2 protein chains.
Amino acid sequence: MTPSRQEEQRGNLGEAIKEAAWEQIAEAGASSLSLRAIGRALGITAPAIYNYYEDRDALVTALVIDAFNSFGDRQLAARDEFPGPGQELERLRATGLAYRQWALDHPHRYLLIFGNPVPGYQPPMQELLPVMMRSLSALTGCISELHALGRIDLTAIPRPLCEPGNRFFAMLEPADDEARAVYALAMLIWSRVHGQVSLEITGQLPPFPGNGAALYEFELDSIARQFILPN
Amino acid sequence: MTPSRQEEQRGNLGEAIKEAAWEQIAEAGASSLSLRAIGRALGITAPAIYNYYEDRDALVTALVIDAFNSFGDRQLAARDEFPGPGQELERLRATGLAYRQWALDHPHRYLLIFGNPVPGYQPPMQELLPVMMRSLSALTGCISELHALGRIDLTAIPRPLCEPGNRFFAMLEPADDEARAVYALAMLIWSRVHGQVSLEITGQLPPFPGNGAALYEFELDSIARQFILPN
DNA sequence: CAGTGTATATTTACACTGTAAACTTAAAAT
DNA sequence: ATTTTAAGTTTACAGTGTAAATATACACTG
């Protein structure tokens, strides 16, 4: 007698549910995620999922955290490709290129964490902030390094207001003026790469030479030229 | 005997359906749009909507077209605030500021036309391309003007590939190299403002001074300094 | 070993969703 | 006056998330 799918999966059903969810998201997008369809794929019924995730939102949160970790891993790995002193610019560029490549590799994960919020889903920031900050630390780290080397002039960068209720309050509150300027520049660079990448993966940009990279590399060069002093 | 809501609406139910849909979208976002809830709000049953829109997608398309027209109206109005010769830079900046302001005024409309695709919705480009091109014409017009005045150097701008199947194929196909470079620069500028605006209205950017405009105006200045030659 | 407790599933049920089909009603056209 | 047509309704079906009650099987305890 062959073991049922249910018995095969026993013990790691929580992970199997996430895997099935990713497969479903890869096919039809993040917001058409069906617990019943996940159950069908795993040979269980939909309410069984409630033993592993409190509700649909909790499952989405688990997926978001996984996505942030996957994204953060790539960001940090790209940064560490150029670990030496004197390679600060290469580090920054590598994280920039990795940003787009990860998004192209996992467009639905990208949209899940950086796109429109899933309807009705309120992200629990307390849970997400650590993985968010880790994933952005590659960029902010590069900026900090370059600033410490005197190669970035932060005086003209607008400072963010530090108002409670904002998504990044817990991140900005303990930061001094310099750190806030670093964050602001990171946000500015992030918004540029996000603009292109989000339009590209949603098919709203025409294709460019070099697997679509020409316009993106133009932007990376623009960022370096505008903000990073030579030498 | 008071006239039923049904009788009140008769004759312009098609418009009333769209209005109810916008109200619903303003409350819960674009993808949680319910035909039955629209019917409830109007005192009709859901299947009656099928007399005005073939299905849910057709209603979404009508909403998208309305949103593009509203957006385009504001873009063109902003451009026309500085109609004189010699005001080309002010025109460009006014369209840039109007871009953000319209998004802040109508965040759900913005996300509907420029954000994640609504799950399962395939936009009919043949219908949408005219209103899309009109709404982008304020920006492309400003760039063309400035280029004609010798104030933009397009040589370094990457040219888009013109491949069928892309969203903008019908727009790029008849354009010559110069027009394609204008489009490419427009896409680049668009991706920058879209990056900031989309992050801002989804609450992923911290607030900045001047009603959040400080970082955005910094970007508009960056665009002008990088691409527009003085005089 | 017997019995109990707990974890994990299922079944059932409810309130939603889009939409297809058949039916009713009222106005317009011949 | 009769027929046609438009624009509603009711009914029905297949799907959704999820709450509540129920069944089952394993682990621990007396």
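In this text the structure is predicted, and so the values were computed from the model without any measurement. Convention: sequence-line order gives letters A, B, ...; per-chain numbering from 1.
Residues passing the side-chain contact (heavy atoms from CB on, under 4.5 Å) test with A:R167 are A:P123, A:M125, B:Q204, sequence neighbours excluded. Listed by chain and number, the residues in a side-chain contact (heavy atoms from CB on, under 4.5 Å) with B:A179 are B:A175, B:D176 (sequence neighbours excluded). Residues satisfying the side-chain contact (heavy atoms from CB on, under 4.5 Å) test with B:D105, not counting sequence neighbours, are B:R74, B:Q101.
In this structure, B:I49 places its CD1 atom 14 Å from P of C:dA20, rounding to the nearest Å. Put simply, CD1 on A:I44 is 12 Å from P on C:dT8, counting in whole angstrom units. Following rounding to the nearest Å, A:Y52 (OH) and C:dA7 (P) show an atom-to-atom distance of 12 Å. Rounded to a whole Å, the CG atom of B:L59 is 14 Å from the P atom of C:dT17. Whole-Å rounding puts the B:Y53 OH to C:dT19 P distance at 14 Å. Distance CG (A:N12) to P (C:dT8): 13 Å, rounded to an integer number of Å.
With a cut-off of 3.5 Å on both pairing distances, the Watson-Crick or G-U wobble partner of D:dG30 is C:dC1.
With rounding to the nearest 0.5 Å, the separation of CG in A:L205 from CE in B:M187 is 6.5 Å.
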Pick out the pairs of N or O atoms, protein on one side and nucleotides 16-18 of chain D on the other, that lie under 3.5 Å.
from	atom 1	to	atom 2	distance (Å)
D:dT16	OP1	A:S34	OG	2.9
D:dT16	OP1	A:R40	NH2	3.1
D:dT16	OP2	A:R40	NH2	2.7
D:dG17	OP1	A:L33	O	3.2
D:dG17	OP1	A:L35	N	2.4
D:dG17	OP2	A:L35	N	3.2
D:dG17	OP2	A:R36	N	3.1
D:dG17	N7	A:R36	NH1	2.5
D:dG17	O6	A:R36	NH1	2.8
D:dT18	OP2	A:Y50	OH	2.7
D:dT18	OP2	A:R56	N	2.9
D:dT18	O5'	A:Y50	OH	2.7
D:dT18	O4	A:R36	NH1	3.4

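For residues 118-131 of chain B, the pairs satisfying side-chain hydrogen bond (donor to acceptor under 3.5 Å, both in side chains) are B:T61-B:Y121, with sequence neighbours left out. Sorted by first and then second residue, the pairs that involve residues 54-76 of chain A and meet ring-ring contact (aromatic ring centres under 6.0 Å, His included), not counting sequence neighbours, are A:F68-A:F114, A:F71-A:Y99, A:F71-A:W102, A:F71-A:F114.
Listed pair A:N51 / C:dA7 fails the phosphate criterion, with no side-chain N or O lying under 4.0 Å from OP1 or OP2. Applying the 4.0 Å criterion to OP1 and OP2 of C:dT10, one finds that A:T45 has a side-chain N or O inside that range.
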